[in-house]
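First the structure, in the form of structure tokens, and then the observations on it.
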Number of protein chains: 2
Amino acid sequence: MPKKRILPFIILGIINNHPQITGREITAEFATEIGDFWKASHSQVYPELKRMFNDGWIYDSKSKNNAKERYYTITAQGHEVLNKWLDQLVTDLPIHEDLFSLKLFFIKDQHDERIPQLIARQLILLKKELNYLEQRRQTVFANEKTIQNNYGHYLILTRAISRTQGQIQWLEETQKQLEE
Amino acid sequence: MPKKRILPFIILGIINNHPQITGREITAEFATEIGDFWKASHSQVYPELKRMFNDGWIYDSKSKNNAKERYYTITAQGHEVLNKWLDQLVTDLPIHEDLFSLKLFFIKDQHDERIPQLIARQLILLKKELNYLEQRRQTVFANEKTIQNNYGHYLILTRAISRTQGQIQWLEETQKQLEE
DNA sequence: AATACCATGTAATATGTTACATGATTAT
DNA sequence: ATAATCATGTAACATATTACATGGTATT
């Protein structure tokens, strides 16, 4: 059995959230909104859009402004496919392909200099991330109505903030213990 | 520039931690010890071992018990390569290819039934994971000496436990709020 | 009209997964 | 001796990344 494809469902979800979206804008979503959970380059997106169109999940219309540009919108069948996917419960936790953990794993000596170095760097990265996430919560969810109308998005942003804070806290505690 | 390969360094680290290890045992590590951070099947491992041998990172010796079996050990050059990799600081946070977050992202309505369903399932998975991780901390790090001699491993196990606990806590709080 | 960027597309390469395959070893 | 598992290896397929490519559009 081939590995389950996820990318088409993500693209379908994006199109559902943004009717009349272009391939370029979909690609941009992977660099911003969804960027924290998934990545895809335009060379993946365009062939996928073709397949989805051929399967009747989406339809397209030509732009009046730009000869190449195409606007994609989800079809009734596409809605069905998306909802069927959303209805399926998650069966496994994801694995965290995490270089930080991986490198630590191979360092055996408690007093190896590289442990505090790796932690210090990770803290820098996580604080930058936390800052970015909190910024987004403020700008994207400025009013209560936006929260109610994009509740799932709001939840995962909140969750990401909480998770990042937790990681920072753990690292800072560990950092202190190492100094003793 | 091609994407940076990580698998060979992981395998190198495994061989460094377990001299005279076989390909089969290396593959097994990906299903247990390292399984939380990285996955690799035997069809990836064996060709990689060949390449690493050709590059002089490891050497092998034949088993006396089994005609096919080979024991791999790291070379001086391999040590250099591994340490050079470990010395390099991490430059980016990993992305979390997380179906749970992804599905939530596409659910807009605050009262959509699927939100509590997804959360309930995620809680089951996380509690199972927490149980497994705590079990491992008890069995693998039964005494203080093991901790000191595998400090990096101990750290990331502790970190994984803390992270999982944090996620469970956040989900349970969110679950309560949704019930109100 | 020269330059930068937009918008899409494809080719070459790298990586990963599943399935297929062989013969050795162990357990019953 | 038969079945299950060990141990390695490869082939076919699926997916992902990087680089290359084309022509349109907007800016100066």
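The shown structure was predicted, so the numbers you read here are calculated from the model rather than taken from an experiment. Numbered from 1 within each chain, the chains take letters A, B, ... in sequence-line order.
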Any N/O pairs under 3.5 Å between the protein and nucleotides 24-27 of chain D? List them or say none.
{"from": "D:dT25", "atom 1": "OP1", "to": "A:Asn65", "atom 2": "O", "distance (Å)": "3.3"}
{"from": "D:dT25", "atom 1": "OP1", "to": "A:Ala67", "atom 2": "N", "distance (Å)": "3.2"}

Touch check for B:Ser63, heavy atoms < 4.0 angstrom, all strands: base, sugar-phosphate only, or nothing? nothing

Of all residues at least two apart in sequence or in a different chain, which pass the side chain to side chain contact (heavy atoms under 4.5 Å, CB included) check with B:Asp55? B:Trp57

Nearest whole angstrom, please: distance from the P of D:dA14 to the NZ of A:Lys4. 16 Å

Which of D:dT10, D:dC6, C:dA7 is nearest the side chain of A:Arg24? It is C:dA7

Rounded to the Å, how far apart are B:Trp38 CH2 and C:dT17 P? 10 Å

To the nearest angstrom, the OH-P distance between A:Tyr72 and C:dA7 comes to 13 Å

Looking only at side-chain atoms of A:Leu7, point me to the closest of C:dT15, C:dG9, D:dA16. D:dA16

Check this for me: does any side-chain nitrogen of one of A:Lys176 and A:Glu173 sit under 4.0 Å from a carboxylate oxygen of the other? no

Show me, pair by pair, the donor-acceptor contacts under 3.5 angstrom made by side chains of residues 135-142 of chain B, not counting sequence neighbours?
{"from": "B:Arg136", "atom 1": "NH1", "to": "B:Glu33", "atom 2": "OE2", "distance (Å)": "3.4"}
{"from": "B:Thr139", "atom 1": "OG1", "to": "B:Gln135", "atom 2": "O", "distance (Å)": "3.2"}
{"from": "B:Thr139", "atom 1": "OG1", "to": "B:Arg136", "atom 2": "O", "distance (Å)": "3.3"}

Given that B:Gly23 and B:Glu97 both sit by DNA chain D, which one's nearest nucleotide is further toward the 5' end? B:Gly23

Once rounded to the nearest 0.5 Å, what's the spacing between atom CD1 of B:Ile15 and atom CD of B:Glu25? 11.0 Å

Donor-acceptor pair under 3.5 Å: do we get one between B:Thr22's side chain and the base of D:dT8? no

In this structure, how many angstroms lie between the C1' atom of C:dG23 and the OH atom of B:Tyr46, rounded? 14 Å

Out of C:dT8, D:dT10, D:dC6, which has the shortest distance to the side chain of A:His42? C:dT8

Taking only distance into account, with no hydrogens and no angle test, what donor-acceptor pairs under 3.5 Å do side-chain atoms of residues 83-93 of chain A form with protein atoms, sequence neighbours excluded?
{"from": "A:Asn83", "atom 1": "OD1", "to": "B:Arg114", "atom 2": "NH1", "distance (Å)": "3.0"}
{"from": "A:Asn83", "atom 1": "ND2", "to": "A:His79", "atom 2": "O", "distance (Å)": "3.3"}
{"from": "A:Asp87", "atom 1": "OD1", "to": "B:Arg114", "atom 2": "NH1", "distance (Å)": "3.1"}

For a quick check of understanding: with a heavy-atom distance under 4.0 Å over all strands, which category does B:Glu69 fall into, base, sugar-phosphate or nothing? sugar-phosphate

Distance-only check: which donor-acceptor pairs under 3.5 Å involve side-chain atoms of residues 147-167 of chain B, not counting sequence neighbours?
{"from": "B:Asn149", "atom 1": "ND2", "to": "B:Lys145", "atom 2": "O", "distance (Å)": "3.4"}
{"from": "B:Asn150", "atom 1": "ND2", "to": "B:Thr146", "atom 2": "O", "distance (Å)": "3.1"}
{"from": "B:Thr158", "atom 1": "OG1", "to": "B:Tyr154", "atom 2": "O", "distance (Å)": "2.7"}
{"from": "B:Arg159", "atom 1": "NH1", "to": "A:Asp98", "atom 2": "OD2", "distance (Å)": "3.3"}
{"from": "B:Arg159", "atom 1": "NH1", "to": "A:Ser101", "atom 2": "OG", "distance (Å)": "2.9"}
{"from": "B:Arg159", "atom 1": "NH2", "to": "A:Gln167", "atom 2": "OE1", "distance (Å)": "2.9"}
{"from": "B:Thr164", "atom 1": "OG1", "to": "B:Ala160", "atom 2": "O", "distance (Å)": "2.7"}
{"from": "B:Gln167", "atom 1": "OE1", "to": "A:Arg159", "atom 2": "NH2", "distance (Å)": "2.9"}

Listing request: all side chain to side chain donor-acceptor pair (under 3.5 Å) pairs with a residue in residues 120-131 of chain A, at least two apart in sequence or in separate chains. A:Lys127-A:Glu172

Can you work out whether B:Pro47 or A:Gln44 has the more 5'-proximal nearest nucleotide on DNA chain D? B:Pro47

In whole angstrom, give the distance that lies between atom CG of B:Asp92 and atom C1' of D:dT17. 16 Å

Look at the side chain of B:Ser41 against the base of C:dT18 and say whether a donor-acceptor pair falls under 3.5 Å; ignore hydrogens and angles. no

Any side-chain heavy-atom pair from B:Ile119 and B:Trp170 closer than 4.5 angstrom? no

Looking only at C:dT8, D:dT17, C:dG16, the nucleotide nearest the A:Arg70 side chain is C:dT8

Look at all strands and tell whether A:Thr27 reaches a base, only sugar-phosphate, or nothing, counting heavy atoms closer than 4.0 Å. nothing

Nearest-Å distance for atom pair CZ/P, residues B:Arg5 and D:dA16: 17 Å

Atom-to-atom span, CZ of A:Arg51 to C1' of C:dG9 - whole angstrom: 13 Å

In whole angstroms, the gap separating C1' of C:dA24 from NZ of B:Lys62 amounts to 15 Å

